Undergrad: 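Mind looking over this structure? Questions follow.
Worth knowing before you read on, the calculation uses all heavy atoms, side chains too, and leaves out hydrogens, waters and symmetry mates. Numbers here simply count residues along the sequence, with the first being 1. All values reported here derive from a predicted model rather than from experimental measurement.
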Amino acid sequence: MATEACGLKLLGTNFSPFVLRVRIALALKGIDYQFIEEDEDVMHNKSQLLLQSNPVHKKIPVLIHNGKPVCESLIIVQYIQDAWDTKAPNLMPKDPYDRATARFWAAFVDDKLLPCIRGLFRGQGEQLQKVAEDFVTNTLLLEEALRTNSCFSGKPYFGGDEIGLLDIALGSTSAFIKGLEKATDTVLIGHEKMPLLSAWMDRFCKSDGVKDVMPDLSKQVEFILARRATFISPPAGN
């Protein structure tokens, strides 16, 4: 698959949940690619290749397939399914309603959960507690969906018997969430309040393909602690 890798490049960083989405999808499909690592401080230090490949948002990840860039993580995951639809597993449900449901909840992850994760990453004190409460409120909706939604209930993954779009959208945050729990000494997704979601997360992180690209937890915690320090450091004195 070396020739395939030559035509497929991924621009990203090691600890980005958004980049991890793409790496998980490629790993599950068994697709080789060249990983081109951007500076971890990609907000301020962007390569020329990134700026040329994503001139609109100037963000990672970017998948470059045969010289053509594809941007935005959820769009890339769906592109991977479309471009390699003959490779198992199928990352998108075949039923139109199930497909729409997966897209709805994937958008929910981006619109509701990720802002909370950013707040937890940067917050402290009362602000941290408020964001943690909002995070739990939103994840309880996913717990309820696992319990009652006919698309998910009683199945090992949101995608059914196989990992799908929503599993990747949510699961890509798993290492970051576990790192935040250790860094902030909080429980965000615990078995007591969210038994189904907690069990799903463990199952997802240990699944073949996923576990091979998940960041090392100790390095994830180290990264989070170092970056959080830049946000919560007291202002310099006059």
Undergrad: Enumerate donor-acceptor pairs with a distance under 3.5 Å from any side-chain N or O in residues 49-59 to protein atoms, sequence neighbours excluded.
TA:
| from | atom 1 | to | atom 2 | distance (Å) |
| --- | --- | --- | --- | --- |
| S53 | OG | L49 | O | 2.7 |
| N54 | OD1 | H57 | N | 3.3 |
| N54 | ND2 | K59 | O | 2.9 |
| K58 | NZ | P55 | O | 3.0 |

Undergrad: Scan for side chain to side chain donor-acceptor pair (under 3.5 Å) pairs involving residues 95-109, sequence neighbours excluded, and state none if there are none.
TA: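 Residue pairs with at least one partner in residues 95-109: Q78-R103.
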Undergrad: F15: which residues meet the ring pair (Phe, Tyr, Trp, His ring centres under 6.0 Å) condition with it, sequence neighbours left out?
TA: F223
Undergrad: Enumerate the salt bridge (Lys or Arg N to Asp or Glu O under 4.0 Å) contacts for residues 60-79, please, sequence neighbours excluded, ordered by first and then second residue.
TA: none
Undergrad: If you link ILVMFWY side chains whenever their heavy atoms are less than 4.5 Å apart, which other residues fall into the same cluster as V221? By chain and number, please.
TA: L217, L225
Undergrad: Under the salt bridge (Lys or Arg N to Asp or Glu O under 4.0 Å) definition, can you give me all pairs with a residue in residues 19-28, not counting sequence neighbours?
TA: R21-D110
Undergrad: With sequence neighbours left out, which residue pairs that include part of residues 205-226 fulfil the salt bridge (Lys or Arg N to Asp or Glu O under 4.0 Å) condition?
TA: D208-K211
Undergrad: Under the side chain to side chain donor-acceptor pair (under 3.5 Å) test, which residues partner D41, sequence neighbours left out?
TA: H44
Undergrad: What is the minimum heavy-atom distance between V19 and G12, and which atoms define it?
TA: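 Heavy atoms only, the tightest pair is CG2-CA, 3.6 Å.
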Undergrad: Determine which pairs satisfy salt bridge (Lys or Arg N to Asp or Glu O under 4.0 Å) with at least one residue from residues 138-147, sequence neighbours left out, and list them in order.
TA: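 As it turns out, the salt bridge (Lys or Arg N to Asp or Glu O under 4.0 Å) pairs with a partner in residues 138-147, which skip direct neighbours, are E143-R147, E144-R147.
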Undergrad: Examine the side chains of E38 and T13 and answer whether a donor and an acceptor come within less than 3.5 Å of each other.
TA: no
Undergrad: Would you confirm whether R228, through its side chain, and F121, through its main-chain N or O, come within 3.5 Å as a donor-acceptor pair?
TA: yes
Undergrad: Could you note down all residue pairs passing ring pair (Phe, Tyr, Trp, His ring centres under 6.0 Å) where residues 132-151 supplies at least one of them, sequence neighbours left out?
TA: none
Undergrad: Mind checking salt bridge (Lys or Arg N to Asp or Glu O under 4.0 Å) for D134 and listing every partner two or more places apart, or none if nothing turns up?
TA: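 Expected list: K130.
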Undergrad: When the side chains of residues 162-171 are checked against the rest of the protein, which donor-acceptor pairs come out under 3.5 Å, sequence neighbours left out?
TA:
| from | atom 1 | to | atom 2 | distance (Å) |
| --- | --- | --- | --- | --- |
| D167 | OD1 | F158 | N | 2.8 |
| D167 | OD1 | W200 | NE1 | 2.7 |
| D167 | OD2 | F158 | N | 3.3 |
| D167 | OD2 | G159 | N | 2.7 |
| D167 | OD2 | G164 | N | 2.9 |

Undergrad: Keeping S16 on the side-chain end and F18 on the backbone end, is there a donor-acceptor pair under 3.5 Å?
TA: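 Checked: pair present.
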Undergrad: Mind checking whether Y157 and F152 have ring centres under 6.0 Å apart?
TA: no
Undergrad: Does any N or O in the side chain of T137 come within less than 3.5 Å of the main-chain N or O of E133, such that one atom is a donor and the other an acceptor?
TA: yes
